[in-house]
Amino acid sequence: MACQRSTKLNLLRLAVLLIVALAGIKFLLRDSLTLELHRHIPKDSGFWGDTGDTSQGAGPRSQALELPVAKITAPRQGPGQQGPKDSSGTEMRLVHLDLKGAAPKVSYLEQLFPLLSRLGANGVLIEYEDMFPFKGELEVLRSPYAYSEEDIDWIQQLAELHKLEVVPLVQTFGHVEFILKHEKYQHLREVERFPNSFNPHVPDTLALLKSLLSQVMEKHRRSSWIHIGADEVFHLGEGMDSKSWMSHNRGDVGTMYLKHIKQVLGFIAARYQGLRALMWDDMLRKISTGALRESGIAKQVSPVVWFYAPDFEVEQIGQFLTKYAESGFEAVWFASAFKGTTGPAQTWPPLNHHVRNQLSWLRVMQAMPRFAPLRFQGIVLTGWQRYDHYSVLCELLPVGIPSLAACLQTLVHGGFMEETRRKVLDVLGFQSLQLEQGTCEGRGAFPGVEIYHMVEQVNGHLKESVQKALEEESGIKGWFSPYHRKHQFGNPRNMESFGSKLLKLHEDWESLVRELRAQLESIYFPDTVEEWMEENVNPYLDQLRDLVRDYRAIIRLNARPKAS
């Protein structure tokens, strides 16, 4: 088997090299193409107050929305420039892979990348967090299941094979819990009690970030973009060093934030010529136009405007676009979501919610000429796996594939129409797709479809069936109550009236869960499998297991007197 896999890998790598060579020849001959991209907003809508309010009364639109496509041409590299390849003539739609939870094995990505390409994506935004194979002084950051350096190389070869641009995301200010949780780096916390954000005033912070960025970019030399995160820098300005800085420099949180971002961007520009930077925009929203313009970051980075509400007006985003245009930014990206934004413990994505989110972004794209000379450059379809490093898992990636397919095809077609629906069903192998119910009917034929179906069963029926057995079955309530179980007291005649039904229910669920575990283990590492089962299966199935255990023990006692 090992020999066969080695041969397969060598053949695939040879195929990659041939495709790259052909692409190079094609590049020399082709004309400049146009670039179409789409973008979206926040997973914590309350962070910025009313801006991210999702409690709107508007329901789904009854008619398909068809909008013209916004197109731009991105700047090209200078002559003889080495490193990042030119993606300026490519229409970009990035799918976000959030690896801070439930990171899939590379073998799953081998199956996933062709699907992404077929659905209309041509890039992946990979948020590695602790799954990157950091080495040397940074090795402590690695998860026990982190990808190897060979895995990172193979991921990029797979991406190139399927015409997917790889954009690495390295958090450089907030959401750095995976770093600051370690004792070695606790002195870099903005607030000593919280591991969320860096203290920008400690010299070791920038030194650490330079090491992080260097190791990641060393393995991504062909990437055209890097995303520096920089969103939700909670508690910035609350640390003693920050208070002292603001007092002595007559500054505020905004200028302090920009000072740090400028240092990060300066390092990237000096070290990696031609590499373009992206950053989440939420922290920029409260900073004045004058401060943004004076900082000079507009020439070094493109903001990624994110908003995840299902229905919002152009004006909600327009206020930010106007500010960024006046601040000197040349291009802007948007960010929508296909999963991971409707609750930290959400297990099943609401299809209608996410498709409507794409439709709202299409209206913003249509309005982009109003914000000239600001250019629309791209969209990221975010798929958050955790709200942060310490939160529980959101929807698993295989469960989110139908939502991703519907969202991507909505952007490709400029609306969710019958043609969109047919394409989604054709690619996924389903017979029907119900947006309102958030379900698909049919066997399906995409990577992880078995998990999709079994999670649907667990999500829709496990808790309900156990509660019904415990609370609604009259035989159990009358002759097998918690009191009976505690004192091992029961009449087999009465117990047998519900026993066969109880044992069958338990057997059916145990069978499904065994198969679900096997499927999860084929895609995920052991820590993910255990976490998902502990959070979503065991709290309910354990109640049923305990009930069956007590039933079997007490019925064997043959109606003995009540235990004291």
Side-chain angles (χ1 to χ4, degrees), residues 43-44 47 98-100 127-132 134 136-143 168-217 226-249 251-271 277-287 291 295 297 300-301 303-304 386-391:
K43 52 184 177 291
D44 185 1
F47 185 64
D98 180 17
L99 304 185
K100 63 174 165 281
E127 186 165 355
Y128 287 107
E129 207 181 73
D130 59 2
M131 287 300 293
F132 188 81
F134 293 109
E137 289 294 314
L138 303 180
E139 189 171 357
V140 67
L141 304 180
R142 296 174 57 161
S143 160
L169 189 156
V170 180
Q171 285 286 3
T172 57
F173 213 160
H175 283 297
V176 287
E177 299 93 341
F178 82 102
I179 299 172
L180 299 183
K181 70 180 182 180
H182 295 285
E183 184 178 0
K184 179 178 181 178
Y185 297 115
Q186 284 184 6
H187 68 289
L188 302 182
R189 297 179 178 183
E190 167 69 355
V191 175
E192 194 278 331
R193 291 181 57 233
F194 306 132
N196 302 74
S197 307
F198 278 126
N199 178 343
H201 311 287
V202 180
D204 286 353
T205 292
L206 188 59
L208 172 61
L209 287 174
K210 288 180 178 180
S211 296
L212 283 166
L213 290 165
S214 296
Q215 288 199 21
V216 171
M217 289 314 303
I226 184 172
H227 197 309
I228 64 168
D231 59 317
E232 297 180 332
V233 188
F234 297 125
H235 307 293
L236 181 61
E238 297 178 16
M240 293 305 297
D241 288 343
S242 289
K243 291 179 179 178
S244 176
W245 185 90
M246 289 187 288
S247 174
H248 287 87
N249 294 276
D252 56 23
V253 172
T255 55
M256 185 166 57
Y257 173 84
L258 291 174
K259 179 177 180 290
H260 176 74
I261 295 301
K262 189 172 181 179
Q263 290 177 320
V264 172
L265 293 172
F267 169 74
I268 292 172
R271 184 80 176 262
L278 306 175
M279 66 181 290
W280 302 121
D281 85 305
D282 53 275
M283 295 296 291
L284 304 178
R285 296 174 194 172
K286 290 186 175 181
I287 300 176
S295 72
I297 69 167
Q300 298 176 298
V301 67
V304 181
R386 297 188 195 275
Y387 274 30
D388 65 36
H389 186 76
Y390 286 88
S391 69

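Atom NE2 of H260 and atom CE of M283 lie 11.0 Å apart (nearest 0.5 Å). Here F132 contributes atom CZ and L169 contributes atom CG; the two are 13.0 Å apart, rounded to the nearest 0.5 Å. Taking CG of L208 as the start and CD1 of I179 as the end, the distance is 5.5 Å to the nearest 0.5 Å. If you take CD on E139 and CD on Q215, they are separated by 9.5 Å, rounding to the nearest 0.5 Å. To the nearest 0.5 Å, the span separating CG on L99 from OH on Y128 amounts to 7.5 Å. Atoms CD1 and OG, from I261 and S295 in turn, are 10.0 Å apart once rounded to the nearest 0.5 Å.
For N199 (side chain) and H201 (main-chain N/O), a donor-acceptor pair under 3.5 Å exists by modelled atom type. The backbone N or O of P303 sits nowhere less than 3.5 Å from a side-chain atom of D281 that would complete a donor-acceptor pair. At least one donor-acceptor pair closer than 3.5 Å links the side chain of R189 to the backbone N or O of L180. A donor-acceptor pair under 3.5 Å is formed between the side chain of T172 and the backbone N or O of I228. Here the side chain of Y257 pairs no donor or acceptor atom with the backbone of L284 at under 3.5 angstrom. Remark: side-chain polar atoms of D388 are paired, donor with acceptor, to backbone N or O of S391 under 3.5 angstrom. In this structure, T205 contributes its side chain and F198 its backbone to no donor-acceptor pair below 3.5 Å. Between the side chain of H182 and the main chain of K184, no donor-acceptor pair closer than 3.5 Å is present.
Annotation: side chain of L265 is not in contact with side chain of K262 (no heavy-atom distance under 4.5 Å). Taking the side chain as every heavy atom from C-beta outward, F178 and S143 never approach each other to under 4.5 Å. Here the side chains of H227 and V170 are not in contact, with every heavy-atom distance at 4.5 Å or above.
Checking R271 against S214 by side-chain atom types alone, a donor-acceptor pair falls below 3.5 Å. For the residue pair T255/D252, the side-chain donor-acceptor check at 3.5 Å is satisfied. With hydrogens and angles left out, the side-chain atoms of N196 and E190 include no donor and acceptor closer than 3.5 Å. For the 3.5 Å distance criterion, the side chains of S211 and E137 fail to qualify, holding no donor opposite an acceptor.
Each of E129, E177, K100 was scored for a side chain to side chain donor-acceptor pair (under 3.5 Å) with H389, with one residue passing: E129. Checked against K210 for a side-chain contact (heavy atoms from CB on, under 4.5 Å), the options L213, L206, L212 give a single hit: L206.
Sparse packing is recorded around CD of E183, with 12 or fewer heavy atoms of other residues, nucleotides or ligands lying under 6.0 Å away.
Aromatic ring pairs are classed by plane angle as parallel below 30°, tilted from 30° to 60° and perpendicular above 60°; the pair F234 and H175 is perpendicular.
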